[in-house]
Amino acid sequence: MSVAQLLSRAAAMGVTLRLDGDAVKVGGPRAAREEIRPELAAHKPEIVAHLRAAANDANAIPADCVGALRDPDGGLYLPWGPCLSIDDLRRMRAELVAMTEELCSLECWPKRYREDVLSRAICGPLADLMPNLAYFNERLSEARAEAAARVAMK
């Protein structure tokens, strides 16, 4: 059995392999680890070489992933958004509330609708904050343009 086949079989069994110096650390379900351990031991030098080569390849970050973070398991990922301080978050939420209130005023929203949108802006999940800022900024720009056009038409 080739090293690639052995590693594929290990992965299918839920067994993970990683290098810790010259030692191969084996993770996954206990029964699967015990079952495959003799085969892994028989091919340890090839497995170490394969894992080293894979680690060296993994260290090279492709141009389209510059700035990506490396997961402890070795994969690259891009965080959902920029790192923000609590002051940034407060400023952004206040900006969202101000935009919402101005849009409410320009579009004459009913009080109940205004309160619902504002409570969602203030208490909504962090993941919604930046998309909401972009959305309300666009809506507010359109509403301002419409209000300016109405004034110009008078």
Below 3.5 Å, can you tabulate the donor-acceptor pairs from side chains in residues 25-33 to any protein atom, sequence neighbours excluded?
unit_1, atom_1, unit_2, atom_2, d
Arg30, NE, Glu34, OE2, 3.1
Arg33, NH1, Gly28, O, 2.7

According to a hydrophobic-cluster definition based on side-chain heavy atoms being under 4.5 Å apart (Ile, Leu, Val, Met, Phe, Trp, Tyr only), do Leu118 and Leu133 belong together?
no
For [X], all residues meeting side-chain contact (heavy atoms from CB on, under 4.5 Å), sequence neighbours excluded:
{"X": "Ser119", "answer": "Asp116"}
{"X": "Glu146", "answer": "Arg150"}
{"X": "Ile122", "answer": "Val97"}
{"X": "Tyr113", "answer": "Trp109, Pro110, Val117"}

Can you check whether Glu101's main-chain N or O pairs, donor with acceptor, with Arg114's side chain at less than 3.5 Å?
no
Give a yes or no answer on whether the side chain of Ser141 reaches the backbone of Asn137 with a donor-acceptor pair at less than 3.5 Å.
yes
Kindly write out the residues that satisfy side-chain hydrogen bond (donor to acceptor under 3.5 Å, both in side chains) with Glu115, not counting sequence neighbours, or none if the list is empty.
none
Drop me the distance from [X]'s [atom1] to [Y]'s [atom2], to the nearest 0.5 angstrom.
{"X": "Lys44", "Y": "Leu17", "atom1": "NZ", "atom2": "CG", "result": "12.0 Å"}
{"X": "Glu142", "Y": "Leu103", "atom1": "CD", "atom2": "CG", "result": "9.5 Å"}
{"X": "Asp128", "Y": "Cys123", "atom1": "CG", "atom2": "SG", "result": "12.0 Å"}
{"X": "Thr100", "Y": "Arg93", "atom1": "OG1", "atom2": "CZ", "result": "11.5 Å"}
{"X": "Met99", "Y": "Leu140", "atom1": "CE", "atom2": "CG", "result": "7.0 Å"}
{"X": "Leu96", "Y": "Tyr135", "atom1": "CG", "atom2": "OH", "result": "11.5 Å"}

A side-chain contact here means heavy atoms from C-beta on lying under 4.5 Å apart; do Glu102 and Leu106 qualify?
yes
Pairwise side-chain contact, Val24 with Leu40, heavy-atom cut-off 4.5 Å (strictly under)
no
